[in-house]
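Only one structure is covered here, and it is reproduced in the block below.
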Amino acid sequence: MALDIKISPEEITALAPWKTLFPNIDSALAEVARLEALLTLPKGTIHVISDIHGEYTKLRHVINNASGKLRPLVEGLFGNIMPPMELREFLTLIFYPREMLDAIKPRLENPATEREFCHKNLKHLFSILRVLSKRYGLEKIYKISPIDYRDLFIELLHEPSADRGNEYYSALIDTILENGKGPELVHLTVRAVRNLAIDELIIAGDCWDRGQRGDKVVDYMMVQPNVAFTWGNHDAAWLGACIGNEALIAHVVRISLRYRNILQLEEGYGVPLQPIEYLVRQVYKDDPALCFKPKAEGLREPVMLARMQKAIAIIQFKLEGQMLARRPEWNLTHRRLLHTINTNDKTIMIDGKVCHLKDASFPTINPNDPYTLTEDEQICLEKLKTSFLSSDKLFNHMRYLRDRGSMYLVRDNHLIIHGCVPVDANGEFQSLIIDGVPRKGKELYDTLNDLFSRAIESPTEYDRDMMWYLWCGPRSPLFGKERIATFEIDLVEEHETHAEEKNAFFALMHDADFCDKIMLEFGVDPVPGLIVNGHIPVKIDKGESPIKKSGKAITIDGAFSRVYGDHGYTLILEPEGTYLAKHYHFESVEAAVRDGVDIIPSISEVRHWNPIRKVAQTESGENLRIRIKTLKKLIVAYRKNLLQQGRYS
C-alpha cells in the first residue's frame, strides 16, 4: 500500500475513532480484504412496495412470502420429495410460523412427534438458508441469526459432508429439542429465511388511510431487519396531525371515520372519539348526513358515523380556511369556500361559478364569520389535539419513519419517489417556496428532507402548516395535483368540480427524453435507469400498464387497499434483473393457515442484466469503497506512526 498518501491533521483526528474497531495494521488489512471480497458478490434483493394505505394483513403476507419469490424456491427444492399436503403445510409454516405452530399444537403433544416434526422442518429450513446465504458475506448471516443461537446457526449452515453428516447435525439439534425449545428454534429459523430472502424492503410512501390499520403497518415495518422509506402525502398528513396541525388532525380523523378505521385511532394511538360523539349529540343529532355515509361495514351505527364525519369535516374546512388566510404565499385563497355558501338557495361559488350543494345544513357555520369554530367545536378540537400530542406510539412511529425516511431513494439506478417532480407542461421544473426561498428539482427534495427532520423534533407553526401543503398543495411533490376536491366530492352536485388535474409530470413520464432529464437531475444514469413512483393507482381493471411508453418509468401503486382495487405491486430488484410482481386479493391469515391460501403473483420482467449486477455496481458498493479508502488511510497512518497501533493478540 503506497506510503506517499498525504494525510492532514484533520484526517488523523477523524481516523482516531476507527482505532477502536481496527487497532492495528493486520486487523485493518483483514477488513479491507473482506470488503473487497463483498464487492464481487451478487447484489442483494430489494423489494419496493408503495401505497399500503393501512392494509396491514395483506402487507404482512406479501412480506412473509417475499412477494411470491419464496414459493418457487421451496417448490424447486422439495417439490419432488414432499407430498403436496406436506409441501403446503411447510409453505404455510414459512409464511405464518406462530399461527401454524399453534394450529398443529395438538398433533405435537407427544414429545417424540414434536421432536420428529422440528428435526425434519429444521433440516428443510437450513437447506433453504444455505441457498439464500450464498449471495452474502458472513457479517450478513450473523445479523439475521438469532443472537442466542448465532454460533449454532453458523454450524448448521455448513454444507453436509462425509465427516459432518447426519449424526453431527442431529447432535447439534437434539439438545435444543430435548429441552422443549424445538418450536421456538423453528420459528426463529423461519424468520431468518424470510430476512435473507429480502435484503432490503423499501416502502415508497402512504402507510395510512383507507385500510384499517396504518398503525400496524408501521409496527410490522419496525420488526423488519432492513427497511427504507420514502415519504408519501398521507404520511405527511399523519405527521402534521402528530405535531399538532389542527386542520390535519381533523382530516385524519375524518378519513378514519369515512373508512371505519376507528380502532386505528382508539386502540392504536389512544385517540378516543368521544369528543366528536358529544358534539354530534349536541348539534347534529337529527341530521341524516346523507353525504357522509361511511365507506365500509361495521358494528357502529352508520348514521352516527356519518354525523361524526360531517361534524369533523366542517371543523376541517374551517381550519383550512384559517390556514389559507395566513399563508397568502401559497396562492390558495380561492380554495376558501365557506364564505360563498348561500344556504337559502343551496349554492356555493367555486372558481367564479355558482354550484349547487347536496347538503346545505351547516348549523355551526356563521355566515358572518364562517371560519371561526363554535364553542362546542373548539372544545372537541382541543380534546382531540391533546390526544394526538400525547400519543407516544404515534410520535415513535414518526421518529422511526424520520430515521429511515427520505423524499427519494436511489437503488441500482432506480430513482424511487412517491409522487412527482413538479414541472410545467413543457417539462420545466416548477419551484415551491420553502422558508422564503424558491426550490425546485432535486434541491426541492433535499430541502424537504430537512423540513421533515426538523418538524418532528421542534416544529414551528410554519412547519406544521407545510405538512398540510405537502399533503395536498398543488406544487407538493407528494401530491402533484392542482387541488384536492374533498369539499366538492362530498357536497357539490356538479361533477366537473370533483376533478383533480394532475401535474404534467405524470403525462410526461411517457417521454424518454423527459425521463432522462429527471434521472440526470438526481444523479441517476439514464441508460440503465428507471423512475419508480406510486401515488396514482394504475387502472389495472381497465388494462392500464404500470410501465410507461418511454420504457424509463414505472408506477407501482397497484391499488393495494381493498377500497381501491385490492391488487398491488412489488418491484423486485434482483442481480439478474428487475421484475414486477402483481398481487391479488388476500383472504385472511386464518384462511392461509387453514387452507394454505397464498397470493401467487404474476411476475413480469422489466429489466434484464447480463452479466448479473454485483455489489460493486450498486450504491452499497460505493459506500463499501469509501470504507475501504478510509481503512487504507488508517493503515498508512499506522505505518507512518501518525497513529499508534494497539497491541496484537
Side-chain angles (χ1 to χ4, degrees), residues 1-2 5 11 14-15 18 21-22 27-48 66 69 131-144 195-204 224-230 403-417 442 445-446 449 519-532 552 570-579 605-636:
M1 197 167 296
I5 298 175
E11 288 177 306
L15 287 170
W18 287 69
L21 294 173
F22 310 104
S27 60
L29 278 172
E31 180 65 4
V32 169
R34 187 183 72 85
L35 297 179
E36 293 277 15
L38 288 179
L39 292 172
T40 70
L41 292 175
K43 65 171 286 300
T45 299
I46 299 173
H47 286 206
V48 189
K69 298 293 280 187
V131 173
L132 294 173
S133 64
K134 289 177 180 178
R135 287 185 177 181
Y136 301 104
L138 191 59
E139 183 183 40
K140 172 75 173 180
I141 309 304
Y142 264 85
K143 284 183 178 179
I144 62 95
N195 290 346
L196 268 189
I198 304 175
D199 185 44
E200 183 180 30
L201 172 67
I202 296 175
I203 303 297
Q224 305 309 310
N226 188 18
V227 175
F229 169 76
T230 61
D403 292 344
R404 285 153 184 81
S406 179
M407 282 292 296
Y408 69 97
L409 295 168
V410 178
R411 296 291 188 273
D412 305 344
N413 283 307
H414 294 68
L415 172 62
I416 303 166
I417 60 177
K442 181 177 179 293
Y445 270 67
D446 291 337
N449 274 335
M519 286 187 274
L520 288 170
E521 172 74 8
F522 286 83
V524 175
D525 183 351
V527 176
L530 189 69
I531 298 171
V532 182
K552 296 194 171 190
T570 301
L571 194 69
I572 304 172
L573 282 55
E574 294 272 20
E576 302 82 12
T578 297
Y579 305 91
E605 185 178 83
V606 180
R607 289 280 194 275
H608 179 72
W609 311 123
N610 187 18
I612 66 169
R613 291 177 66 82
K614 296 186 177 181
V615 173
Q617 299 169 273
T618 67
E619 295 74 28
S620 296
E622 182 58 31
N623 291 334
L624 291 180
R625 282 189 286 272
I626 292 171
R627 285 177 59 86
I628 290 169
K629 184 178 180 181
T630 302
L631 284 164
K632 287 182 176 179
K633 284 192 174 184
L634 178 65
I635 292 167
V636 171

Are Val227 and Ile202 close enough, and set up right, to give a side chain to side chain contact (heavy atoms under 4.5 Å, CB included), and what steps lead you there?
CA-CA 6 Å; Val227 175; Ile202 296 175; over 6 Å; no
Over all atoms of both residues, closest heavy-atom pair of [X] and [Y]:
X	Y	answer
Thr230	Ala204	OG1-CA, 3.0 Å
Val410	Phe522	CG2-O, 4.4 Å
Ala66	Ile198	CA-CD1, 4.0 Å
Arg627	Trp18	NH1-CH2, 4.1 Å
Ala616	Arg625	O-NH1, 2.9 Å

Salt bridge check: are Glu11 and Lys633 linked by an N-O gap of less than 4.0 Å?
yes
Backbone N or O of [Y] within a donor-acceptor pair of the [X] side chain at under 3.5 Å?
X	Y	value
Arg34	Leu138	no
Arg607	Gly529	yes
Thr618	Gly621	yes
Glu31	Ala28	no

Partners meeting side-chain hydrogen bond (donor to acceptor under 3.5 Å, both in side chains) with [X] (sequence neighbours left out):
X	value
Lys140	Asp199
Arg613	none
Asn623	none

Is there a donor in the side chain of Ser620 and an acceptor in the side chain of Arg411, or the other way round, less than 3.5 Å apart?
no
Flag the pair [X] / [Y] as yes when at least one side-chain heavy-atom distance between them is below 4.5 Å, and no otherwise.
X	Y	result
Thr578	Ile572	no
Pro528	Trp609	yes
Leu571	Ile46	no
Thr45	Arg135	yes
Val606	Tyr579	no
Asn226	Leu201	no

What's the spacing between [X] [atom1] and [Y] [atom2] if we round to 0.5 Å?
X	Y	atom1	atom2	result
Leu624	Lys629	CG	NZ	15.0 Å
Met519	Leu415	CE	CG	8.0 Å
Gln617	Ile612	CD	CD1	9.0 Å
Leu634	Ser27	CG	OG	7.5 Å
Lys143	Tyr136	NZ	OH	12.5 Å
Ile531	Asn413	CD1	CG	12.0 Å

Walk me through it: do Glu576 and Lys614 pass the test salt bridge (Lys or Arg N to Asp or Glu O under 4.0 Å)?
CA-CA 10 Å; Glu576 302 82 12; Lys614 296 186 177 181; over 6 Å; no
Could I get the full list of side chain to side chain contact (heavy atoms under 4.5 Å, CB included) partners for Asp446, not counting sequence neighbours?
Tyr408, Lys442, Asn449
With sequence neighbours left out, what residues match Asp403 under salt bridge (charged side-chain N to carboxylate O under 4.0 Å, His left out)?
none
Donor-acceptor pairs under 3.5 angstrom involving side-chain atoms of residues 36-43: please list them, not counting sequence neighbours.
from: Thr40; atom 1: OG1; to: Ala37; atom 2: O; distance (Å): 2.6
from: Lys43; atom 1: NZ; to: Asp412; atom 2: OD2; distance (Å): 2.8
from: Lys43; atom 1: NZ; to: Leu573; atom 2: O; distance (Å): 2.9

